[in-house]
Amino acid sequence: MSPLHTYSMFFTVLITILLQSSPTSSQSHLCRSSCGNIPINYPFSIDDGCGSPYYRHMLICSDNNTKLQLRTPSGKYPVKSISYSDPHLLISDPYMWKCQDRDNFRPTRSFSIDSSTHFTVSLQNDYLFFNCDPEKVIVEPKPLYCERFPDRCDSSCDSSSYLCRHLPECGPVLGSRVSCCSYYPKATQSLRLMLQNCATYTSVYWRSNGAGNGPYDQVAEYGIRVDYEFPVTMKCLLCQETTKGGGVCGFDTRTQEFLCLCKHGNVTTYCKDPNFEKHKRIGAVAGTVTAVSSAGAIGVVGGIFWYLRKVRAKAPVTCGVESNENRIF
């Protein structure tokens, strides 16, 4: 048998043994459950391979696991809270007007959400625009304007808005030189056009205070409410079920197919599946080794080096002439 054939067999056997003996790494312990004081539950995650692929790379946790941000086409925005019972995020925009700014309007930019994602800007937001150009923006008391021009009612910016007269947490901070009107842009482009003709803007959303008094239990707060879809699948429900092992819903980062992340490995069903080994999956998950381990790789290199030295030592001396007998590769 030639050294080349022997070497090929040796290498194949060694790789096979390493692949079979390499354990399937679990990522369940790598899925962080909070960022600062904000719980991170399904469908969200701050670690790749956890949660739903719908929201992959959308949330960022930085500053030593204390600062949560939402990534959008218009920038990164601090997340103030996440609700899982009433699916939405509340974010703040550092470029928006604040009470302490008074009539000192800073340059701003429009907030936007990628329409191809599973996020939407909530209809519960109210936008307030300040010092708009009356030549380009219809600034009128909405009830009166709608009576006169019912077909153009939605195009007016309401100067009689309750929020303009009762700015949350501010009091009478705006002087007579500052005008305010309320308008809900139905598209990102509409918001951009408004900001081209207004000095600045801010967003107020209506939060329920739990009083249960119908419309009177709503409290106005600054921020942008962003609604999200909650993808519910039977696989994820089974995976999370305590009696079935209490796994963590995740996905293969290469194929985005579902994975149940368990303490003793990743599986395509649930952690206490009687056929666990059959459904065991070596998925590509962030932060884990899922093929040949680094130790295995070192072993392969070391084995090849040892074998080459042994073959070279036994190779016949042919004064530099290569033949089928002394060729190694």
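Side-chain atoms are counted along with the backbone in the values below, which use heavy atoms only and exclude waters and symmetry mates. For this chain, numbers begin at 1 and follow the sequence in order.
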Looking at side-chain heavy atoms only, is the closest gap between I113 and V226 below 4.5 Å?
yes

Between L68 and I82, is a side chain to side chain contact (heavy atoms under 4.5 Å, CB included) present by the stated rule, with each step listed?
CA-CA 10 Å; L68 186 64; I82 299 177; 4.0 Å; yes

Can a donor-acceptor pair be found between the side chains of T66 and N64 at a distance below 3.5 Å?
no

Centroid-centroid distance, F44 to Y55, less than 6.0 Å:
yes

With a 4.5 Å limit on heavy-atom distance, are the side chains of C260 and T269 in contact?
no

Examine distances only and state if a side-chain atom of S34 and a backbone atom of N37 form a donor-acceptor pair shorter than 3.5 Å.
no

Can you tell me how far the OG atom of S155 sits from the CD atom of E140, to the nearest 0.5 Å?
10.5 Å

Pair Y42, S45: side-chain N/O donor-acceptor within cut-off below 3.5 Å
no

Least distance between heavy atoms, L195 atom then T200 atom:
CD2-C, 4.2 Å

Looking at D158 and K142, would you say the former's side chain and the latter's main chain have a donor-acceptor pair under 3.5 Å?
yes

Kindly say whether V121 contributes a backbone atom to a donor-acceptor pair with the side chain of N125 at under 3.5 angstrom?
no

Would you check if the side chain of S110 reaches a backbone N or O of L191 as a donor-acceptor pair within less than 3.5 Å?
no

Between M58 and T117, is there a side-chain heavy-atom distance shorter than 4.5 Å?
yes

Do the side chains of M96 and I224 get nearer than 4.5 Å, heavy atoms only?
yes

Please examine the side chains of I91 and F111, heavy atoms only from C-beta on, and report whether any two atoms are closer than 4.5 Å.
yes

Is a donor on one side and an acceptor on the other found under 3.5 Å between the side chain of R56 and the backbone of T253?
yes

With the side chain counted from C-beta on, respond yes when L89 and Y228 share a heavy-atom pair under 4.5 Å apart, and no when they do not.
yes

Would you compute the distance between atom CG of N266 and atom CG of L261 and round it to the nearest 0.5 angstrom?
5.0 Å

Test: C61-C35 SG spacing under 2.5 Å:
yes

Measure the spacing between OG of S83 and CZ of R207 and express it to the nearest 0.5 Å.
11.5 Å

Face-on cation placement of K244 at Y270 ring, 6.0 Å and 45° thresholds
yes

Using every non-hydrogen atom in the two residues, find where Y127 and P185 come nearest and quote the distance to one decimal.
CD1-CD, 3.4 Å

Side-chain ion pair, D86 and R225, N-O less than 4.0 Å
yes

Side chain to side chain contact (heavy atoms under 4.5 Å, CB included) for T268 and K235? Distances and angles first, verdict last.
CA-CA 8 Å; T268 57; K235 284 186 176 182; 5.6 Å; no

Between C99 and P168, the two heavy atoms sitting closest are SG-O, 3.7 Å

If Ile, Leu, Val, Met, Phe, Trp and Tyr residues are connected whenever their side-chain heavy atoms lie under 4.5 Å apart, and connections chain through other members, are L59 and F230 in the same group?
yes

Looking at Y145, does the NZ or CZ of R148 lie under 6.0 angstrom from its six-membered ring centre and within 45 degrees of the ring axis?
no

Is there a side-chain contact between Q69 and R71 (heavy atoms, below 4.5 Å)?
no

Disulfide bond (SG atoms under 2.5 Å apart) evaluation trace for C271 with C239:
CA-CA 7 Å; C271 298; C239 172; 5.3 Å; no

Testing the basics here: between D63 and K67, what is the closest heavy-atom pair and its distance to 0.1 Å?
OD2-CD, 3.4 Å

Answer yes if the side chains of E229 and Y54 hold a donor-acceptor pair under 3.5 Å, and no otherwise.
no

Between C157 and C132, is the SG-SG gap under 2.5 Å?
no

Common cluster, L144/L163, ILVMFWY with side-chain heavy-atom separation under 4.5 Å:
no

Once you round to the nearest 0.5 Å, how far does CG of N65 lie from CD1 of I46?
5.5 Å

I want to know whether Y201 and F129 have ring centres closer than 6.0 Å.
yes

Please answer whether the main-chain N or O of C198 pairs with a side-chain N or O of N131 as donor and acceptor at a distance below 3.5 Å.
no

Assess the residue pair D133 and K136 against the criterion (side chain to side chain contact (heavy atoms under 4.5 Å, CB included)); give the C-alpha distance rounded to whole Å, side-chain angles, the decisive distance to 0.1 Å, and a yes or no.
CA-CA 6 Å; D133 184 349; K136 298 181 179 180; 3.9 Å; yes

Any sub-3.5 Å donor-acceptor pair from N104's side-chain atoms to D101's backbone N or O?
no

S112 backbone acceptor or donor facing S74 side chain under 3.5 Å
yes

Could you tell me the separation between the CH2 atom of W206 and the CG atom of L123, rounded to the nearest 0.5 Å?
15.0 Å

Do C50 and C249 have their SG atoms less than 2.5 Å apart?
no

Walk me through it: do W97 and L167 pass the test side chain to side chain contact (heavy atoms under 4.5 Å, CB included)?
CA-CA 12 Å; W97 179 87; L167 287 167; 4.0 Å; yes

Answer yes or no: is there a side-chain heavy-atom contact under 4.5 Å between C164 and S159?
no

Can you give me the closest heavy-atom contact between A199 and F105, atom names plus distance?
CB-CD1, 3.6 Å

Shared ILVMFWY cluster between V232 and I40, side chains joined below 4.5 angstrom?
yes

Return yes if some donor-acceptor pair links the side-chain N/O of Y84 with the main-chain N/O of N41 below 3.5 Å, else return no.
yes

Counting only heavy atoms not in Y95 (residues, nucleotides, ligands), do more than 12 fall under 6.0 Å from its OH?
no

OH/Y77 to CG/D93 distance, rounded to the nearest 0.5 angstrom?
5.0 Å

